[in-house]
Every structure is written in structure tokens, then in C-alpha cells.
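Take a look at the structure set out below.
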Amino acid sequence: MKILVLNCGSSSLKYQLIDMDNEAVLAKGLCERIGIADSVLTHQVPGMDKYIVEQDMPSHDVAVKLVMDALIDPEHGVISDVSEISAVGHRVLHGGSTYSDSIIVDEDVKKVIEECFDLGPLHNPANLMGIVACESAMPGTPNVAVFDTAFGQGMDEKAYLYAIPYEYYEKYKIRRYGFHGTSHKFVSKETIRFAGLPEGERRVIVCHLGNGASVSASIDGKCVDTSMGLTPLEGLIMGTRSGDIDPAVVQYIANHEEKTVDEVLNILNKKSGMLGLSGVSSDFRDVEQAEKEGNHRAAVANEAFRHRVIKYIGAYAAAMNGVDAIAFTAGLGENSAMMREKICESLTFMGVKIDPERNNVRGKECLISTDDSKVRVYLIPTNEELAIARETLELVQK
Ligand code: ADP
């Protein structure tokens, strides 16, 4: 069975066609500058040269049709007809409090995605456009919505409620939702499977450390807490996001710089984090390099990033009354042995011991702690596309 995975952004569309018989990626690609001039589709079949289509894409509708054309192209395609696609799995940012799991799309689901436009203004409209485009390009083929907020729905009230007047939760559903849910769910499950954690010993902390970064605590794969909140701004220091901050800072900057709240929020989302602190870059590689060259602000940014991750791990271990496994994932988590080692150096109080040789790896599932480490530590690569495809398969096979 072949499943198409779509991740639509406001002006982009990423896709992968996956053969679920062996979970192999048959083709993948990216449409860029949708709705803007000079749109381009880059299509790639493993082992073959990239196929680039420069064609106007005024809408997601057109982009989806071009993806279909590329997939059935006699030279660059991998299927002979779109009817070979059994289902489409869509990454959808926000499902509000309605969906705690993936779901086959019908009119009600589309309505909820639309009701959440306010909560995910950049992504939800694009996600819905992708779904509607697939409905018209492949009538009758099921579409599945896989929500980035679904995993966070596992949290109890004590973890998801903000201590603000309760009426705001009742009126506007202001609460913590958590994001990167598809990744946290996938990695926590993979950690349990790979580590062979027995029942009763499945308290897992996942550190998803990429340009966007978050930590989650889960027991038996059910979310106990996660660091992102109403929006992805809360929690860890990220590439350009501040993460946790005293809300009074917003007022202070707004007053002193004569900016609106929206403008300050834009600064906290796009100009803060590693970029704002280091003044070098939002890319962790650049900041690590700058530190090596003696840049003090870069060194402080790296230290502050690690300090926040360490605090969250400590807090989540306490929230679960212990932790059985810690997993590192995403761009930085999978690639920076130094970052993993330095974070774990501060966790010796809970019996974490890293094996430097085991830790000297990139991007593959492995144990990186010593055999006598009290808490086992793993590198578990995330794969959001495969996670979406698996969830889609499960639903359409029911
Ligand atoms: P996102 O999906 O949120 O855009 P990724 O998970 O792709 O982010 O992670 C991107 C980040 O990972 C970048 O900041 C990049 O610098 C970092 N990264 C990738 N490889 C390395 C490495 N070898 N050392 C340090 N950081 C790395």
C-alpha cells in the first residue's frame, strides 16, 4: 500500500510517497514559493538526479496537481496512476482540544481545522488548503489529519492549565497544547521499543532539539507534560524563539521601544533565541563554531540553551517521580555529540552516565549511556513523515 504524506506551509508543500510494505520512501519533494512569483517544485527519487519543475503555482491546488504529475511522470515518476495512492496523510498543526488522535477527514474535521485558524494562523489555513486540493485531485482517496497537538492532549489539567482566570480557558480555550507531538509520540514509542522497556518502567523524556525545540515527559507513550504551550513559543530556547519568558518583558519592551504587542511577539518568535542571544546565527552549528573562535556571546547562548534543557529534564523527572530513559532527537539532538554529552554531564545526580565512545554517533538509533547508568540514554532519530504514514495506514486499514 502506498501512502502520500503532505506537509503544507503557507507558501510551501513538502511531500513523501512511502511504500508501507517496507516503509521505503519512493519519492519525495518540495514545492516552494506557492502563491508567490518563481515557484519551483523539486522532486527526488532515491538514487536518481533531482527533477526540477519551474512553473507558476498560484495556489496549493496547482501545487498538488504538479506533485501528482511528477509522481506519474514517465521518466521521473514512481507510479503509473494516482489511483495507486491508497491514502494521504496530512500534517495538521492544530486540532484544538477536539482531537487527541489522528482522524480520517470529513466535513466536521475540516470545520475544526478551520475553527483553529486563530490558534495556528500560519499553518492551519495551509493545512486545510492541502486537504481540499487532494480531495479535488484524488476524489474518493481518504485523507487523514495527523495533528501536531494530539500528543499533548494526553496531559492532565494540572499540566495544561495556565494559572490565569479560568474564564479564559472556558471562553477561548487558552491552555497549553504542546507541539512537535508527532515527533514526541514517535520517538517515545521507538524508545520503548528499541530499549525494550518493560511495563512499569516506561517513563521517558524526549528532547527534540532542532531549530524548533521542545521536551516531553511521557509514561507508556502517554504525554504527562511537554514544554511548548498555547503556541510553540513556550519552553526551551530555540533557533529564533525565546522560549520561557516573564510576560512582563513584553510590556517593558513594548513601552520602551514603542512597539505593539504583536510586534514584540514577532521579536520573541523570530529574532530571539540563539540568534538574539549570540548575535551570530539561529543555526546551532554556526553558534558552536563562533564559540570555538572565542565569541563570548555565542558561548553564553550555548550554555543558556543547555541550562534550559537540563532544567526541563530535571523538572520532568520529578514530575514523573523518576525517569527510565532519555532520548535525544532532531537536527541538534541527532548530530551534536558534544551537546548531548554536556547536557548529560549535569545529570550525574540522577545516575546518568554517558559512554563517550557510544555517544560518538550521528543519526542512528543507539544507546549512548554506559551499562551501569541508572537512567538509559538514547539517540533516536525522529521521522515525522513515517510517523504520519503509519498513523494514516492504521486508520485506513481499520
Ligand atoms: P527544524 O526541523 O526545527 O527546522 P531540525 O531538526 O532540522 O530543525 O534541526 C536544525 C538544527 O540542527 C540547526 O540549527 C542545525 O544547526 C542543527 N544541527 C544539524 N547538524 C548539527 C551538528 N552537526 N551540530 C550541531 N548542530 C547541528
Side-chain angles (χ1 to χ4, degrees), residues 5-16 28 30 32 91-93 120 122-123 126-127 146 148-149 151 178-187 190 206-216 226-228 231-243 269-293 295 298-299 301-306 308-309 327-344 354 356 359-366 368 379-388:
V5 175
L6 279 197
N7 182 353
C8 291
S10 48
S11 66
S12 69
L13 181 164
K14 282 191 216 150
Y15 64 94
Q16 277 194 12
K28 62 179 177 179
L30 168 68
E32 291 169 284
R91 175 181 185 241
V92 180
L93 182 80
L122 293 180
H123 297 87
N127 301 152
V146 179
D148 223 20
T149 49
F151 181 69
F179 296 85
H180 289 147
T182 310
S183 173
H184 283 291
K185 183 174 174 187
F186 178 84
V187 175
E190 275 300 295
V206 172
C207 304
H208 177 114
L209 309 181
N211 192 23
S214 59
V215 188
S216 70
T226 186
S227 60
M228 284 174 166
T231 76
L233 187 54
E234 192 177 334
L236 297 182
I237 294 173
M238 311 181 210
T240 63
R241 296 190 191 114
S242 63
N269 269 301
K270 299 194 174 143
K271 298 191 175 150
S272 301
M274 299 302 282
L275 173 67
L277 260 183
S278 72
V280 174
S281 165
S282 63
D283 192 302
F284 286 90
R285 278 167 296 202
D286 299 340
V287 185
E288 275 185 10
Q289 186 55 34
E291 177 179 356
K292 278 187 201 138
E293 289 162 9
N295 183 317
N302 280 322
E303 227 176 318
F305 174 83
R306 292 194 297 267
R308 183 97 39 106
V309 176
F328 287 94
T329 197
L332 178 71
E334 290 171 31
N335 290 297
S336 178
M338 187 178 77
M339 186 65 81
R340 292 191 300 262
E341 187 170 339
K342 287 202 167 164
I343 288 170
C344 289
I354 288 294
N359 186 38
N360 191 17
V361 284
R362 275 180 186 217
K364 69 169 200 213
E365 283 189 338
C366 62
I368 59 171
L379 191 171
I380 304 284
T382 190
N383 188 338
E384 289 176 90
E385 289 77 15
L386 180 59
I388 291 171

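Indexing begins at 1, ligand by ligand and atom by atom, following the structure's order. Here, residue 1 is the first one in the sequence, and each next residue gets the next number.
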Shortest heavy-atom approach to atom 20 (N) of ligand 1 - which of Asp286, Thr382, Asn335: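 Minimum heavy-atom distance to atom 20 (N) of ligand 1 goes to Asn335.
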Of the listed options Gln289, Arg285, His180, closest to atom 27 (C) of ligand 1 (non-hydrogen atoms):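 Result: the heavy atom closest to atom 27 (C) of ligand 1 is in Arg285.
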Spatial distance of atom CG (Asp283) from atom CD (Gln289) [nearest 0.5 Å]: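 Rounded to the nearest 0.5 Å, the CG-CD separation comes out at 11.5 Å.
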Gap between atom SG of Cys344 and atom CG of Asn359 - 0.5 Å precision: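 Output value for this atom pair is 7.5 Å.
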Closest protein heavy atom (residue, atom, distance) for [atom]:
atom	value
atom 16 (O) of ligand 1	Asp283 OD1, 2.2 Å
atom 9 (O) of ligand 1	Gly331 CA, 3.3 Å
atom 11 (C) of ligand 1	Asn211 N, 3.8 Å

Leu332-ligand 1 polar pair, N/O distance under 3.5 Å: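 It does: an N or O of Leu332 is found under 3.5 Å from an N or O of ligand 1.
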Leu209 N/O to ligand 1 N/O under 3.5 Å: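 Min N/O separation from ligand 1 is not below 3.5 Å for Leu209.
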Location of contacts on Arg362 toward ligand 1, heavy atoms closer than 4.0 Å: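 Answer for Arg362: side chain.
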Plane angle bin for Phe151 and His184 - parallel if under 30°, tilted between 30 and 60°, otherwise perpendicular: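 Parallel: the ring planes of His184 and Phe151 meet at under 30°.
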Side-chain donor/acceptor of Arg91 to backbone N/O of Cys8, under 3.5 Å: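 Looks like no, no N/O pair under 3.5 Å.
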Sub-4.0 Å protein heavy atom next to atom 2 (O) of ligand 1: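 Answer no: nothing from the protein, no heavy atom, is under 4.0 Å.
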